[in-house]
Asker: 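Supplied in structure tokens, the structure appears directly below.
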Amino acid sequence: MSETTTPALQYRFDGPEDAPVLILGPSLGTTWHMWDRQIPELIKQWRVFRFDLPGHGGAPAYPAGSVGDLTTRLLATLEGLGVHRFGYAGCALGGAVGIELALRHPERLASLALIATSPRFGTADEFRQRGVIVRTNGLDPIARTAPERWFTGGFAAAQPAITEWAVQMVRTTDPGCYIASCEALASFDVRPELGRVGAPTLVLVGSDDQVTGPAEARTLVAGIPDARLAVVPGASHLVPVEQPAAVTDLLVRHFSTAWQPAFETSTGQNVLPPAALKPVLSPAPPQPLQTGPVAEIAPVAVPPRAQGRPDPYDAGIKVRREVLGDAHVDRALAQADEFSGDFQEFITRYAWGEIWDRPGLDRRTRSCVTLTALVAGGHLDELAFHTRAALRNGLTPGEIKEVLLQAAVYCGVPAANSAFKVAQQVIREETTPQE
């Protein structure tokens, strides 16, 4: 495909052609079928648009490495279909796309529902580690453990067919696209921007969700003006599948009462919606549903950027964390004192902000160069954490082996022998699936 062409997403429509469009966004590792149980009720009022993530459900495998990239592809697909304004409900990664739409394209969004979603999904390390496991072992380890992340134990035991369906959804996903989606989640963090979400918002979460649970949901409600919280008892992460009737009821009531009118375009200005059009859930919804209160916390203010060339320290700490991992960087900074603090600032600003952040080489290549230099210098302590960094940057264990073999020729066999021992131990630790 042309580099200037935005790959379209795989999609389907259900419902009357003249109805308002409601988009349903999927979670990582799932397909549009995760919404099957909601469709019969939703199409009574809306034309429902569902899409698959790249490489999921047989969709073309064009990886999207950021939530912004995925959102751009969704909008390009909708533009091609003539859909300009819509309501949006998304689960987990699909919910992140919803937040991105609300922040970057508010004129397109009439109403928003965020399901099992967070403004920041765990830590970057967790998702990059998952990418390392998939790159080394394929998707089978992730697929086998999906039910325990997605469903409560009782549901998984009582619904073996749905449990197996979940495993197969993950197993048949394109590995490269899954890894790219992990990277998208690793780099997603919109906590300082939540106060700018203007669409009427419902935040919905399963009470037993151990992935993005009630705590993350309350963070969204605290940050998004006038958001409403609904906690569904007896449900885990994939709550639309585990409690379909409860989720359907909440979505119908939210989108029926909280559909923001289109922005005024005749004057070239955006007009705020009337105050009455706020998402409202009834104070006592039918059991077993429970609706939480609105948190009244002021949005986080984002300080303006200084004029001129940005301080390379800011880019450096970001790159350093992405390459070495939050845990490693946090430990190094915590150990810094009056004697070593200047050195930590020095390497962050110049090694990571000036050199690692240069555009001339990609991070895979920089990892190859760094591993070779560390072998030549005999710096085995740093070789260990840079082997981890190389895996995070996309090198496979086989490629790391080739780098060390090349180093054996030009840096010496004894140096390479020591390097192989260190790298072998790190690779075992990093690529062993966590059961």
Asker: Is it true that Glu399 and Arg364 have a side-chain N and a carboxylate O under 4.0 angstrom from each other?
Answerer: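 Answer for the salt bridge query: yes.
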
Asker: Rounded at 0.5 Å granularity, tell me how far CH2 in Trp32 sits from CG in Asp52.
Answerer: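 Spacing of CH2 (Trp32) from CG (Asp52) equals 5.0 Å.
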
Asker: Is the closest side-chain heavy-atom distance between Leu324 and Phe385 below 4.5 Å?
Answerer: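 A side-chain contact under 4.5 Å exists here.
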
Asker: Would you call the rings of His56 and Tyr178 parallel, tilted or perpendicular if under 30° counts as parallel and over 60° as perpendicular?
Answerer: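 Aromatic pair His56/Tyr178 classed parallel.
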
Asker: Picking from Arg320, Arg321, Arg128, what satisfies salt bridge (Lys or Arg N to Asp or Glu O under 4.0 Å) with Asp326?
Answerer: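 The single option meeting the salt bridge (Lys or Arg N to Asp or Glu O under 4.0 Å) with Asp326 is Arg321.
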
Asker: Distance from Leu380 atom CG to Lys421 atom NZ, nearest 0.5 Å?
Answerer: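 If I round to the nearest 0.5 Å, the distance is 10.0 Å.
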
Asker: Which heavy atom in Leu404 sits nearest to a heavy atom in Ala416, and how many Å separate them?
Answerer: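 Between these two residues, the closest heavy atoms are O-CB, 4.0 Å.
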
Asker: For the side chain of Asn137 and the backbone of Thr431, is there at least one donor-acceptor N/O pair under 3.5 Å apart?
Answerer: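 Looks like yes, one N/O pair under 3.5 Å.
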
Asker: Checking Glu430 side chain against Gln129 main chain: does a donor-acceptor pair fall under 3.5 Å?
Answerer: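 No, Glu430 side chain to Gln129 backbone: no donor-acceptor pair under 3.5 Å.
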
Asker: Please confirm whether the backbone N or O of Leu75 pairs with a side-chain atom of Arg108, one donor and one acceptor, at under 3.5 Å?
Answerer: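 Checked: no pair found.
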
Asker: Between Arg50 and Asp36, does a salt bridge (charged side-chain N to carboxylate O under 4.0 Å, His left out) hold up when you go through it step by step?
Answerer: CA-CA 10 Å; Arg50 289 183 282 173; Asp36 281 352; 2.6 Å; yes

Asker: Aromatic rings Trp46 and Phe255: how do their planes relate, parallel, tilted or perpendicular, breaks at 30° and 60°?
Answerer: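 Perpendicular, since the angle between the ring planes exceeds 60°.
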
Asker: How long is the gap from NZ on Lys401 to CG on Leu395, to the nearest 0.5 Å?
Answerer: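 Rounded to the nearest 0.5 Å, the NZ-CG separation comes out at 14.0 Å.
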
Asker: Do Leu24 and Ile39 come within less than 4.5 Å of each other through their side chains, counting heavy atoms only?
Answerer: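 Result yes, sub-4.5 Å side-chain heavy-atom pair found.
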
Asker: Show the nearest heavy-atom pair for residues Asp174 and Ala61, with the distance to one decimal.
Answerer: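 Looking at all heavy atoms of both residues, the shortest contact is CG-CB, 3.7 Å.
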
Asker: Determine whether Phe13 and Val48 satisfy the following criterion, side chain to side chain contact (heavy atoms under 4.5 Å, CB included), listing intermediate values before the conclusion.
Answerer: CA-CA 6 Å; Phe13 274 115; Val48 178; over 6 Å; no

Asker: Can you find a heavy atom in the side chain of Val170 that is under 4.5 Å from one in the side chain of Thr30?
Answerer: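 When only atoms from C-beta onward are counted, Thr30 and Val170 do not touch, as no gap falls below 4.5 Å.
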
Asker: Can you tell me how far OG of Ser66 sits from CZ of Phe188, rounded to the nearest 0.5 angstrom?
Answerer: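 Phe188 CZ to Ser66 OG: 10.5 Å, rounded to 0.5 Å.
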
Asker: Could you tell me whether a side-chain N or O of Gln210 sits under 3.5 Å from a main-chain N or O of Asp208, the two making a donor and an acceptor?
Answerer: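 Such a contact is found between Gln210 side chain and Asp208 backbone.
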
Asker: Evaluate side chain to side chain contact (heavy atoms under 4.5 Å, CB included) for Tyr88 paired with Val97, printing each intermediate quantity in order.
Answerer: CA-CA 9 Å; Tyr88 185 94; Val97 171; 3.5 Å; yes

Asker: Side chain to side chain contact (heavy atoms under 4.5 Å, CB included), that's the test. Do Trp356 and Arg366 meet it? Break it down for me.
Answerer: CA-CA 7 Å; Trp356 271 87; Arg366 290 192 186 279; 3.7 Å; yes

Asker: With the side chain counted from C-beta on, respond yes when Pro54 and Leu9 share a heavy-atom pair under 4.5 Å apart, and no when they do not.
Answerer: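 A side-chain contact exists here, since the closest heavy-atom pair is under 4.5 Å.
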
Asker: To the nearest 0.5 Å, what is the distance between OG1 (Thr212) and CG (Leu93)?
Answerer: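 The OG1 atom of Thr212 sits 11.0 Å away from the CG atom of Leu93.
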
Asker: Should Arg130 and Glu126 be marked as a salt bridge (charged side-chain N to carboxylate O under 4.0 Å, His left out) after you check the CA-CA gap, both sets of side-chain angles, and the distance that decides it?
Answerer: CA-CA 6 Å; Arg130 192 183 298 185; Glu126 294 171 14; over 6 Å; no

Asker: Should Thr248 and Arg37 count as side-chain neighbours, where that means a heavy-atom distance under 4.5 Å?
Answerer: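 Side chain of Thr248 against side chain of Arg37, heavy atoms only: no contact under 4.5 Å found.
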
Asker: Would you call Glu429 and Arg388 a salt bridge, taking side-chain N to carboxylate O under 4.0 Å as the test?
Answerer: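 Arg388 and Glu429: salt-bridged.
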
Asker: State, with a plain yes or no, whether a side-chain heavy atom of Asp311 is found less than 4.5 Å away from one of Arg349.
Answerer: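 They are in contact (side-chain heavy atoms under 4.5 Å apart), so the answer is yes.
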
Asker: Test side chain to side chain contact (heavy atoms under 4.5 Å, CB included) on Ile99 and Leu220 and set out the steps.
Answerer: CA-CA 10 Å; Ile99 300 176; Leu220 289 170; 4.0 Å; yes

Asker: If you apply the rule side-chain hydrogen bond (donor to acceptor under 3.5 Å, both in side chains), what do you find for Glu402 with Gln406, and how did you get there?
Answerer: CA-CA 6 Å; Glu402 293 302 323; Gln406 187 84 3; over 6 Å; no

Asker: Between Asp330 and Ala332 (side chain of the first, backbone of the second, donor and acceptor by atom type, cut-off under 3.5 Å), is there such a pair?
Answerer: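 No; zero donor-acceptor contacts below 3.5 Å.
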
Asker: Does Glu216 use its side chain to pair, donor to acceptor, with the backbone of Pro119 at less than 3.5 Å?
Answerer: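 Not at all, since once roles are kept as given, no pair shorter than 3.5 Å links the two residues.
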
Asker: Using modelled atom types and a 3.5 Å cut-off, is there a donor and acceptor pairing between side-chain atoms of Arg144 and backbone atoms of Ile142?
Answerer: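 No; judged by distance alone, with no hydrogens or angles, the pair does not exist.
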
Asker: As an exercise, state the distance from CG of Leu103 to CG of Leu109, rounded to the nearest 0.5 Å.
Answerer: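 Nearest 0.5 Å value for the CG-CG distance: 10.0 Å.
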
Asker: Surrounding CG of Asp381 (heavy atoms of other residues, nucleotides or ligands, distance under 6.0 Å), is the total greater than 12?
Answerer: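 Atom CG in Asp381 is not packed in, count stays at 12 or less.
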
Asker: Around atom OH of Tyr350, are there more than 12 heavy atoms of other residues, nucleotides or ligands at under 6.0 Å?
Answerer: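 Atom OH in Tyr350 is not packed in, count stays at 12 or less.
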
Asker: Return yes if some donor-acceptor pair links the side-chain N/O of Thr365 with the main-chain N/O of Leu361 below 3.5 Å, else return no.
Answerer: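 Looks like no, no N/O pair under 3.5 Å.
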
Asker: What closest approach, in Å, do Ala390 and Ser367 show between heavy atoms, and which atom pair accounts for it?
Answerer: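 Looks like CA-OG, 3.6 Å.
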
Asker: I'd like to check Ser111 versus His254 (side-chain heavy atoms, cut-off strictly below 4.5 Å). Are they in contact?
Answerer: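 Result yes, sub-4.5 Å side-chain heavy-atom pair found.
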
Asker: What I want to find out is whether Asp14 reaches Arg47 closely enough, with some N-O distance under 4.0 Å, to be called a salt bridge.
Answerer: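 Looking at Arg47 together with Asp14, the answer is no, because their closest N to O distance does not fall below 4.0 Å.
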
Asker: Taking Gln38 for the side chain and Pro240 for the main chain, is one N or O donor matched with an acceptor at less than 3.5 Å?
Answerer: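 Between the backbone of Pro240 and the side chain of Gln38 there is a qualifying donor-acceptor contact (under 3.5 Å).
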
Asker: Does a side-chain N-to-carboxylate-O contact under 4.0 Å join Asp69 and Arg73?
Answerer: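 Yes, charged N to carboxylate O under 4.0 Å.
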
Asker: For Arg392, is there an ion pair with Glu322 - N to carboxylate O distance below 4.0 angstrom?
Answerer: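 Looking at Arg392 together with Glu322, the answer is no, because their closest N to O distance does not fall below 4.0 Å.
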
Asker: Find out whether Thr396 and Thr136 are in side-chain contact, i.e. whether some heavy atom of one side chain is under 4.5 Å from a heavy atom of the other.
Answerer: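 No - every pair of side-chain heavy atoms lies 4.5 Å or more apart.
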
Asker: On a heavy-atom basis, which atom in Ala156 and which in Thr163 lie closest, and how many Å separate them?
Answerer: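 Smallest heavy-atom distance, with atoms named: O-OG1, 3.1 Å.
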
Asker: Return yes if some donor-acceptor pair links the side-chain N/O of Thr201 with the main-chain N/O of Ala227 below 3.5 Å, else return no.
Answerer: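 Not a single qualifying donor-acceptor pair exists.
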
Asker: Considering non-hydrogen atoms only, spot the tightest contact between Pro141 and Gly138 and give its length.
Answerer: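 That closest heavy-atom pairing would be CD-O, 3.4 Å.
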
Asker: Using a strict 4.0 Å threshold on nitrogen-to-oxygen distance, state whether Asp249 and Arg253 make a salt bridge.
Answerer: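 Yes, this pair counts.
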
Asker: For Phe49 together with Tyr11, are the ring centres under 6.0 Å from each other?
Answerer: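 Distance test on ring centres: under 6.0 Å, yes.
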
Asker: Does a side chain donor of either Glu242 or Thr152 reach within less than 3.5 Å of an acceptor in the other side chain?
Answerer: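 Distance-only check passes for Glu242 and Thr152.
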
Asker: Would Arg149 and Thr145 count as having a side-chain donor-acceptor pair, cut-off 3.5 Å?
Answerer: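 Note: Arg149 and Thr145 side chains meet the donor-acceptor criterion.
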
Asker: Could you tell me whether Glu354 and Arg358 make a salt bridge, using a distance below 4.0 angstrom between a side-chain N and a carboxylate O?
Answerer: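 Looking at Glu354 and Arg358, the cut-off is not met.
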
Asker: Ignoring hydrogens, what is the shortest heavy-atom contact between Pro16 and Ile43? Give both atom names and the distance.
Answerer: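 Heavy atoms only, the tightest pair is CD-O, 3.3 Å.
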
